[in-house]
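First the structure, in the form of structure tokens, and then the observations on it.
Small disclaimer: the values here were computed from a predicted structure and weren't measured.
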Amino acid sequence: MRQRLLWKLCGIVATGGIALVVSTSLLEKWAERQMSVIAPHHQHTLASWGETAEALYREGDDAALADWLDALQAQENTWAAVVTSSVTPVAGGTLSEQFQEGYRLGRLIEWPIHLYFPDNPIMDITFEGGHRHFLINLPQRMRPGSHLRSVIWLVNGVIPLLTLLAIGWLLYRHISGPLRYLRDATQAISDGQPHPSPSTMPRDDELGELMLRFDGMASKTQAAIAAQRQLLADLSHEIRAPLTRLGLAIEHMKAGASSPSSVARLEQESQQMRQLVNDALTLAWLSHETPVLGTDTFDLVDLLDALLDDARFEYPDHRWSVSLPESALLYHSSQRALGQALENLLRNACHYSLATSPPPTVTLSLTPQPRGYRLTLRDNGPGVEASQLPHLFTPFYRTADARQRRPEGTGLGLALALRHIHAVHGNIVTRNHPEGGLEHLITLPRDAAQQGIDLPAHDQL
């Protein structure tokens, strides 16, 4: 998009300016042409005077004609006369038919009058035969164009003003719609209400782009606010039980019933609360600050080997099916964030693997991809119901089986793992494996900064 709004506004102004110049010019010429013609009733009067003069002339009563001319001149305060015209060519020349037909001593009454000449024209009513003419200096009362100045002011003043007002209104309408939308949406967000969606499709210009970006910002802001509220509600719900148990342990100790088990219980509950609060704060930071942890360069195989050593020590009865390449370097990533995420996923897989025959087995493989690596982690546990798959990475969400197996859990492990993986520009897909167990498919870019990979969205199969 290259300054489309500028070109639109320039187009409106240019079109309006051209329309203004052309319309005023044409309208002024049309008005002059219309106002330069003698009014029809005055034309009729002039024609009747010519007929009267011709009738008196043909009667041969020169005295009556003279008296009538004198009375007409006095009445109209003008000059009038009946004259003869005879053009005689010399040197053997001849008069053309066109000249004889068009020859006039004055102007015909149908002809337009030059409005800018100060003197009134002489009108010519030709008698039959073409050699006698009734001439009269057009009376002032019959001169057209008396309102010419007013019309010129109207054409060159009022009409341009109205045209500019129309252009201004069009510009205002073109700009005010998005501004009103932004105003209403901002007010709605400040009032804690959902911001209204635009009633029309966003325009293909800078204001349309602004509306789209504002919608994206508003949606993220409202989602962040809703997530924060939900996180606070879930945290308050989850923390209530440890607080109750802490209160009971403290009451027992106050009553003198202190015992090593009570102290151990008190320590266990305090550690669980501390872990819950720390995980919740980390989750809130990862969810709403959207950090990009891209400063480390390390070997993913070394990180997995270290995590597997810890897992083998904690779960000695598990079988391990591991397939790793000799090396898998990651650039512009975070060893700490990725280590925490993979450790959570690995511990979760170990815990939910079956403890009976067949023996609990965890499968881990790392495969190079064109732009990174694909890590597959699978257990041979019971898996989860298909309807629960989309919620596994929701904070504080725990299945019924998870609550029975790990009552001390908080439901934040998988949510933190997802946020950590997203923070290093990775992605994770979770599904029930066809042969049983839960399988995580994790994709990690080899160099996210160089490839410009965006933060992905979480998907479920």
Would you mind reporting whether E76 and R141 have side-chain heavy atoms less than 4.5 Å apart? yes
For R183 and L179, what are the C-alpha separation, side-chain angles and deciding distance, and is it a side-chain contact (heavy atoms from CB on, under 4.5 Å)? CA-CA 6 Å; R183 178 199 63 194; L179 294 180; over 6 Å; no
Does the side chain of I421 come within less than 4.5 Å of R419's, by heavy atoms? no
Whether the side chain of S25 engages the backbone of V22 through a donor-acceptor N/O pair (distance < 3.5 Å, no angle test) should be reported. no
Do other residues, nucleotides or ligands put more than 12 heavy atoms under 6.0 Å from F298 CZ? yes
Between D184 and T186, is any side-chain donor less than 3.5 angstrom from a side-chain acceptor? no
Enclosure of F127 CZ (heavy-atom neighbours >12, cutoff 6.0 Å): yes
Is the gap between the ring centers of F134 and W68 under 6.0 Å? yes
To the nearest 0.5 Å, what is the distance between CD (E343) and CD (Q340)? 8.0 Å
side-chain contact (heavy atoms from CB on, under 4.5 Å) between I113 and V37: does it pass, once the steps are laid out? CA-CA 6 Å; I113 304 300; V37 178; over 6 Å; no
Regarding N427 and T443, do their side chains bring together a donor and an acceptor under 3.5 Å, going by distance alone? no
Does S333 reach the side chain of L444, with side-chain heavy atoms less than 4.5 Å apart? no
Between N432 and V384 (side chain of the first, backbone of the second, donor and acceptor by atom type, cut-off under 3.5 Å), is there such a pair? yes
Answer yes or no: is there a side-chain heavy-atom contact under 4.5 Å between T78 and I136? yes
About how many Å separate CD1 of I125 and CG of L108, when rounded to the nearest 0.5 Å? 8.5 Å
Using 0.5 Å steps for rounding, measure from the CG atom of L330 to the CG atom of L303. 8.5 Å
R336 atom CZ, over 12 foreign heavy atoms within 6.0 Å: no
I want to check something: taking the side chain as every heavy atom from C-beta on, are T367 and T376 in contact at a cut-off of under 4.5 Å? no
Could you go step by step and tell me if L377 and T430 meet the side-chain contact (heavy atoms from CB on, under 4.5 Å) rule? CA-CA 10 Å; L377 176 62; T430 302; over 6 Å; no
CG-NE2 distance between L441 and H433, expressed to the nearest 0.5 angstrom: 8.5 Å
Pairwise distance CG(L338) to CG(L300) - rounded to 0.5 angstrom: 6.0 Å
Between Q140 and N77, do the side chains contain an N or O donor and an N or O acceptor separated by less than 3.5 Å? no
I want to check a possible cation-pi pair here: R446 against Y331, using under 6.0 Å from ring centre and within 45° of the ring axis as the test. no
Of the non-hydrogen atoms in R132 and T84, which two are nearest, and what is the gap between them? CD-CG2, 3.2 Å
If you look at every heavy atom in A328 and L366, which pair is closest and at what distance? CB-CD2, 3.8 Å
Does H440 reach the side chain of R378, with side-chain heavy atoms less than 4.5 Å apart? no
Side chain proximity check, L56 to D61, heavy atoms < 4.5 angstrom: no
Can you name the nearest heavy-atom pair linking P144 to L138, along with the distance? CD-CD2, 4.4 Å
Beyond-backbone contact of W79 with I122, side-chain heavy atoms, under 4.5 angstrom: yes
Ignoring hydrogens and geometry, is there a side-chain-to-backbone donor-acceptor pair from S23 to A19 under 3.5 Å? yes
N/O donor-acceptor pair under 3.5 Å between D124 side chain and L135 backbone: no
Is atom CD of Q369 surrounded by more than 12 heavy atoms (other residues, nucleotides or ligands) closer than 6.0 Å? yes
Could you check H425 against H332 for side-chain contact (heavy atoms from CB on, under 4.5 Å), going step by step and ending with a plain yes or no? CA-CA 10 Å; H425 285 184; H332 300 98; over 6 Å; no
Does a side chain donor of either S85 or H133 reach within less than 3.5 Å of an acceptor in the other side chain? yes
To check you understand the geometry: which heavy-atom pair defines the closest contact between S327 and D299, and what is its length? OG-OD2, 3.1 Å
All heavy atoms of M142 vs all of W49, minimum pair found to be CE-CH2, 3.6 Å
Testing the basics here: between R143 and P121, what is the closest heavy-atom pair and its distance to 0.1 Å? NH1-CD, 4.3 Å
Rounded to the nearest 0.5 Å, what separates atom CD1 in I38 from atom NE2 in H44? 14.0 Å
Could you check whether atom CD of E128 has more than 12 heavy atoms from other residues, nucleotides or ligands sitting under 6.0 Å from it? no
